[in-house]
Each structure stands twice: as structure tokens, then as C-alpha cells.
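One structure is given below, encoded as C-alpha cells.
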Amino acid sequence: MARMEYDQQNVRNFCIIAHIDHGKSTLADRLLEHTRTVEKRKMKEQLLDQMDLERERGITIKLQPVRMEYPYKGEQYTFNLIDTPGHVDFNYEVSRSLAAVEGAILLVDATKGVQAQTLSNLYLAIEQGLEIIPVVNKVDLPNAEVEKAKKEIIHILGCAEEEIILASGKAGIGIEEILAAVAERIPAPRGKTQAPLRALIFDSKYDTYKGVLAFVRIVDGEVRREDLIEMMATGKESGVIEVGYFRPEMRAVEKLTAGDIGYIATGLKSVEHCRVGDTITVENEKHEAERLPGYKEIKPVVYASLYPVEGDDYNAMRDALEKLKLNDAAFAFEPESNPALGKGFRCGFLGLLHLEIIKERLEREFGFSPTITTPSVVYALRLKGNKEEELSRIYSPIDMPDPSVIESIAEPYVKLDVISPATYLGQIMELMGTLRSEYRNTEYIDQERVLLTFEVPLTDIIVNFHDDLKSATSGFASMNYEIIGERESELIKLDILVAGEKVEALSRIVHKTRAFAEGKAAVEKLKDAIPRQNFAIAIQAAVGGKVIARETIKPFRKDVTSKLYGGDFSRKKKLLEKQKKGKKKMKNIGRVAIPSEAFLAVLKR
């Protein structure tokens with residue numbers, strides 16, 4: 001249980017920041033190998049990525065800390081590394097990880113150069129006042145453009161060329177130089193061991209035996225097993241079951257002190273009580289301790305409904321979602337029902353990647369392949385006669401009140417950064433012209449690459465924009481967005497009517513200028529998706545009481561005149577009139593059953 005005491009001056013806390021697929025996890029593997037933290041026989045690719053899903057996709061979803069011991073110039077150093085996710089959806093997790101360290105390795109792929117999330121994460125690191133070590137990775141590849149990548153780093157960071165380290169995670173080039181730079185350039189932690197305990201939670205996960213494990217950076221003070229602790233934001237108290245650090249598996253120790261990065265096993269039953277960004281203190285010191293800055297509650301920004309394919313699976317799926325929520329405080333869900341799809345759940349996500357991960361985990365871990373509705377955002381309504389500060393929030397078009405009582409509707413807007421080769425500038429501008437975007441700025445990173453900034457409604461970019469951008473630029477462009485607030489827009493509810501009946505599940509909130517195009521596309525898709533009946537079916541898109549688009553599904557027609565041979569035409573006319581009356585009667589009493597495939601066709605846009 002005991003561990004070797006070490007000099008706090010020889011502790012270095014750092015993380016690796018980069019765009020997706022620039023080689024963070026591979027570089028972390030080499031650092032673990034070089035410092036002999038993990039034995040060669042136990043080594044495997046992307047060692048710190050614990051989930052199969054992370055390995056397959058080559059992305060980091062959950063951050064992972066690890067402690068390494070490294071002898072340098074006759075002294076023993078302790079390196080605490082946090083391997084962070086690169087994706088925009090987990091931006092807050094990354095910002096809290098950066099708050100837990102003193103330095104960052106900025107990793108840039110020599111074949112791709114600086115990309116959107118490189119910049120986003122770099123700005124977060126600069127805001128936290130971190131020491132940045134620039135590294136150009138994948139220098140051994142035949143298509144590596146090392147000098148170009150160096151120039152881009154100098155442009156965004158303003159560093160000297162000799163400060164940039166050339167490396168390759170795959171080939172193990174430059175690993176010694178990176179470790180030496182960490183020891184020399186990154187400052188030691190400045191916490192006070194004698195002060196009251198203040199520990200920053202930068203991640204948490206649920207363990208069946210030990211309850212919630214809080215991944216912490218001890219800023220001041222120390223924490224021991226059996227201490228009584230309190231979360232300062234949520235006010236939740238618990239006893240410490242165990243403390244320890246990662247190597248990269250968990251190792252229990254007697255205590256964690258100022259400057260350490262490790263875990264506290266709290267025994268709590270839900271990650272809700274142990275949120276990222278909160279401060280942990282010891283119960284009897286809570287009046288003296290001051291909460292660490294930067295805590296915010298993570299709120300979902302994208303909502304979509306998940307429905308089990310079989311109605312009998314509802315309870316089992318609820319249990320599965322509850323288990324996923326144990327490990328993910330940002331995921332939220334509540335029951336809802338839909339006339340066409342039955343009983344399901346309205347779920348809140350941080351973004352589309354988060355939604356995809358939850359869906360994949362449901363399939364892999366619990367065997368559910370749910371029906372998913374089109375993702376939507378949260379709208380803020382100001383109702384007539386309400387006070388200025390009172391806003392109603394709606395998560396679904398079904399909740400939208402009558403237009404006569406609405407004074408204004410606001411929707412979330414984002415700042416969108418797109419980095420692309422300059423040759424695709426025209427295609428990107430053309431694509432942005434199809435959205436309700438506002439152009440803000442163009443900055444040339446070098447002669448060939450450009451950074452474009454726009455302000456766009458979130459709803460315009462959450463469904464197909466990423467795929468459209470990749471198509472328009474042959475896969476070379478990268479994007480990053482951050483929410484900048486809500487703005488009032490002319491938004492209306494678009495209703496879909498099938499055989500004169502309103503189908504609430506197909507309603508959507510659209511901008512006034514897009515209502516006709518959206519309505520026309522929806523009725524055309526439904527026309528192909530709904531099976532023909534013995535009577536004509538009218539499919540209409542309407543705003544308020546006004547129909548703006550219509551398609552008709554033609555009826556099956558039995559040839560009632562086939563048995564006639566010759567004779568007067570009036571006999572044929574009489575039979576056709578009789579058929580017409582029958583169809584009219586059938587239309588009045590017949591109801592149209594809409595298959596779930598038809599819903600999906602429309603919901604997938």
C-alpha cells in the first residue's frame with residue numbers, strides 16, 4: 001500500500017492536445033514504453049483507450065490519466081499524463097483536464113497540418129496559462145510536410161523553430177526529446193500541502209464495488225482513506241473508501257498530496273453527485289477551503305428520441321439507459337410516447353458523436369438497435385404577457401404552443417471554424433450559402449490553408465453538415481464549433497397531415513424561409529414510403545391552417561368493367577359511378593396506417 005515519497009519539485013503534470021487522428025494515443029503508448037511504466041509483454045496499441053469502440057474508431061472517448069517514473073540527469077521525476085479526447089462534443093471535459101495540469105504537448109500531424117480542433121484545444125490551453133511544447137508527429141511518413149507544419153505552428157503559437165520537436169509515435173522517433181522537454185520546460189505544481197484539501201474533479205466513472213471513482217488533481221492539502229469528504233458544488237458527503245493513482249491500472253496508496261493526480265473511491269451510487277469541475281474538500285475543513293474556479297453544470301445541447309423496435313423491450317431498454325447514465329453525467333433521458341412509434345425515451349446529448357457513442361454502446365453492450373428520431377435543439381420561447389426574464393423551453397415540436405400566444409422564439413447559435421485548403425474556398429462558401437450562416441472572418445494559416453469563421457444556428461449543422469463539408473472538400477476540411485448563445489429567429493411549426501389527420505410525430509420547427517422546401521421534401525418522401533390503399537391519400541405540409549405542399553398517393557383501381565362485352569356505353573358509365581361512390585365512402589371511414597419505415601424516411605432528412 002505504501003509508496004515511495006517523492007519531491008514535489010520533480011513532479012510534472014501534463015496532457016496531450018491535438019485534432020482527432022493526429023496520433024495522441026500512439027504517442028502516449030511510446031511514452032509508457034520508454035518510461036517502462038508498462039511491461040513490453042502487456043503492451044498493446046492505444047493502451048489508454050479502454051473501450052473496444054475507441055480502438056475500432058481510433059478515437060479517444062473517455063480521457064485516461066497515467067503516472068510514469070522517469071530518471072533524468074541523475075534525478076527521479078514523476079510524470080502525470082492525461083490522455084484527452086479531441087472531439088468538440090467533449091470540449092468541457094478537455095477544459096477541466098487542462099485545468100488539472102501545468103503543461104501540454106501540442107501535437108500536429110505532419111501530413112495534415114494544423115486543424116480545427118488543434119486550434120480549439122490550443123486556445124483552451126492558453127486560457128489556462130499552460131506551458132506548451134509543440135511537437136510535429138508522423139515525420140517518418142513519405143508524404144510528411146514537416147517544414148509546412150512547423151511554419152503553421154510558428155504562425156499560431158509564435159514560438160521559435162528550435163522549440164519544435166520532430167517525432168513519430170509509430171516509429172518511436174523523438175520520444176527522448178519529448179520526455180526531456182517535459183522535465184525542463186513544464187513547471188512543478190505550486191500547491192500547499194499544509195492547506196485545507198482542494199481537489200479538482202476532471203472525470204468520474206462508476207465502479208460496481210467502490211461506487212463512483214472521482215479522477216482528481218489535488219491542488220492543495222492531502223486526502224487519506226476513511227476521510228469524510230464533501231463535493232462543494234452539489235453538497236454531497238461521503239467517506240473515502242480508497243485513494244490511489246493510475247499506472248495505468250489503479251494502485252491504492254495511503255494518501256494523495258498537493259500536486260498529485262489520482263482517484264478517490266467515494267462509494268457514491270451515481271456520477272450525478274460527483275460532477276466534472278467540482279471541488280472536493282474534507283468535511284471538517286470545508287469552511288476554510290475556497291471552491292476552485294471554472295465549475296459549470298454540463299447541459300445537453302442536442303435532443304433525440306430513442307424507441308425500442310419491439311414494444312416489449314421498453315423496460316429492458318430503460319434499465320440499459322440507466323446503466324449507461326451511471327458512467328456518463330452528461331447523458332440525460334426521460335420517458336415519452338409517440339402515437340406511431342409507441343413508448344420510448346427522449347434523450348439529451350452533448351452532440352452527434354455523443355449520440356452515436358450511446359447508440360453503439362446500446363447495441364454492443366445490451367443488444368438494442370433503437371429507432372432514432374432526427375436530432376433537434378432546445379428552443380427558448382417568450383410568451384405574451386410574461387415578464388422579461390421568464391422563458392419557456394421546448395425540446396420537441398409537440399410542445400410548441402399556439403402561435404398567437406408566442407411573442408418570440410430564440411434558438412442556439414454557434415461559432416463555426418472551418419480549416420481547409422484554399423482551393424476549396426468556393427465550394428465551402430457555396431455550402432454555407434445553403435445554411436442560415438453569417439460570414440465573420442477569413443485568416444490564412446499559410447499560403448495554402450485558410451481558417452474561415454461563421455456564425456450559424458446549431459440546428460443547421462447537427463444533422464448532415466459534417467458529411468456535406470467532407471464531400472465538398474474531398475475530405476480535406478475540418479470543423480469545430482462552440483455555442484455562443486441564443487438569438488431570436490422567425491421560427492414556425494411545420495405540420496404534416498396524412499389523409500386530413502395531423503401526424504404529431506412528423507411535426508418539426510423550421511425557419512420561415514425554409515418551410516416550403518422542408519415541407520415539399522417531407523411530403524415527397526412520405527409519398528414513396530406509405531403503401532397505396534384502395535382510396536386516394538392526400539399528404540399535406542401545413543403551417544397553421546395553410547397548406548404549403550401536397551402530394552397524393554393514387555389508389556388501387558379494380559377494373560369493374562372487365563366483365564362487359566359490347567352493349568351501350570351507359571352500362572359502363574353506371575358501373576364506374578358506383579365504384580366512385582364506394583371509394584368516396586371508403587375514404588371517409590378508412591384510416592391510414594403509417595409504417596415506422598415511413599417515419600424514419602422523413603426523420604432522417
Checklist entry - Does the pair T35 and E69 meet the rule for a side chain to side chain donor-acceptor pair (under 3.5 Å), with working shown? => result CA-CA 6 Å; T35 56; E69 303 292 339; over 6 Å; no
Apply side-chain contact (heavy atoms from CB on, under 4.5 Å) to the pair R361 and K323, showing each step before the final yes or no. CA-CA 11 Å; R361 289 188 67 189; K323 281 175 185 162; over 6 Å; no
Exercise. For the pair T78 and N10, evaluate side-chain contact (heavy atoms from CB on, under 4.5 Å) and give the outcome as yes or no after the intermediate values.
Key: CA-CA 6 Å; T78 298; N10 285 357; over 6 Å; no
- Please test I186 against I133 for side-chain contact (heavy atoms from CB on, under 4.5 Å), starting from the C-alpha separation and ending with a verdict. CA-CA 8 Å; I186 293 174; I133 299 172; 3.9 Å; yes
- Item | Worked check of side-chain contact (heavy atoms from CB on, under 4.5 Å) between I484 and V414 | CA-CA 5 Å; I484 53 173; V414 297; 5.5 Å; no
Could you go through Y303 and F349, starting from their C-alpha distance and side-chain angles, then the distance that decides it, and tell me whether this counts as ring-ring contact (aromatic ring centres under 6.0 Å, His included)?
CA-CA 6 Å; Y303 285 81; F349 307 93; 8.1 Å; no
* To do: Apply salt bridge (Lys or Arg N to Asp or Glu O under 4.0 Å) to the pair R440 and E455, showing each step before the final yes or no.
  => CA-CA 7 Å; R440 282 288 172 262; E455 287 179 7; 3.3 Å; yes
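Shown are L179, I175, I178, I173; of these, the side-chain contact (heavy atoms from CB on, under 4.5 Å) with R30 is made only by I175.
In terms of modelled atom types and a separation under 3.5 Å, the side chain of T473 and the main chain of A477 share a donor-acceptor contact. Side chain of K325 to backbone of F331: a donor-acceptor contact under 3.5 angstrom is found. Under the 3.5 Å distance criterion, the side-chain polar atoms of S204 are matched with a main-chain donor or acceptor of C274. Under a 3.5 Å cut-off, the side chain of R185 and the backbone N or O of E163 do form a donor-acceptor pair. When atom types are taken as modelled, the side chain of T279 and the backbone of L292 share a donor-acceptor pair closer than 3.5 angstrom.
Going from atom OG of S420 over to atom CE of M479 covers 13.5 Å, rounded to the nearest 0.5 Å. Here H34 contributes atom NE2 and Y70 contributes atom OH; the two are 5.0 Å apart, rounded to the nearest 0.5 Å. Taken to the nearest 0.5 Å, the CG atom of D468 stands 13.5 Å off from the CD atom of Q427. Rounding to the nearest 0.5 Å places CG of L98 at 6.0 Å from CG of L124. Atom NZ of K359 is separated from atom NE2 of H354 by 14.5 Å, given to the nearest 0.5 angstrom. For the atom pair N137 CG and D109 CG, the distance stands at 6.5 Å (nearest 0.5 Å).
Heavy atoms only, all atoms of each residue included: A99 and L200 are closest at CB-CD2, 3.8 Å. Taking all atoms of both residues into account, the shortest heavy-atom contact from V135 to I105 is CG2-CG2, 3.6 Å. R436 and D460 make their closest contact through N-OD2, 3.0 Å (heavy atoms, listed as atom of the first residue, atom of the second, distance). Shown here for I164 and C159, the closest heavy-atom pair between the two residues is CG1-SG, 4.1 Å. V136 approaches A149 most closely through the heavy-atom pair CG1-CB, 4.0 Å. Closest of all the heavy-atom pairs between I218 and A199 is CD1-CB, 3.8 Å.
For F345, the ring-ring contact (aromatic ring centres under 6.0 Å, His included) partners at least two apart in sequence or on another chain are Y314, F333. For T118, there are no side chain to side chain donor-acceptor pair (under 3.5 Å) partners two or more places apart in sequence or in a different chain. Judged as a side chain to side chain donor-acceptor pair (under 3.5 Å), and not counting sequence neighbours, Q128 has no contacts. Scanning for side chain to side chain donor-acceptor pair (under 3.5 Å) contacts around D417 gives K415, T453, with sequence neighbours left out. Partners of Y77 by side chain to side chain donor-acceptor pair (under 3.5 Å), not counting sequence neighbours: none found.
Using a 4.0 Å cut-off between charged nitrogen and carboxylate oxygen, E438 and R487 count as a salt-bridge pair. For E102 and R12, the salt-bridge test fails: no basic side-chain N is under 4.0 Å from an acidic carboxylate O.
Checked against a 6.0 Å centroid threshold, the rings of Y263 and Y245 do not count as neighbours. Here the two rings, on F246 and F215, have centers that are under 6.0 Å apart.
Enclosure of atom CD in E249 by more than 12 non-hydrogen atoms of other residues, nucleotides or ligands within 6.0 angstrom is indicated. Atom CD of E430 sits in a sparse spot, with 12 or fewer heavy atoms from other residues, nucleotides or ligands closer than 6.0 Å. Within a 6.0 Å sphere centred on CZ of R190, other residues, nucleotides and ligands contribute 12 heavy atoms or fewer. Taking a 6.0 Å sphere around NZ of K470, one finds it holds more than 12 heavy atoms contributed by other residues, nucleotides or ligands.
The closest side-chain heavy-atom distance from L452 to M429 is below 4.5 Å. Side-chain contact check for V11 versus N13: some heavy-atom pair is nearer than 4.5 Å. Between L324 and F366 the shortest side-chain heavy-atom distance falls below 4.5 Å.
Counting only residues at least two apart or on different chains, the side-chain hydrogen bond (donor to acceptor under 3.5 Å, both in side chains) pairs with a member in residues 142-151 are K150-E161.
Side-chain contact annotation: T459 with E411, donor-acceptor N/O pair under 3.5 Å absent. One side chain, T442 or Y439, offers a donor N or O that lies under 3.5 Å from an acceptor on the other.
In this pair, F79 and F14 present their aromatic rings perpendicular. The plane angle is above 60°, beyond the 30 to 60° band.
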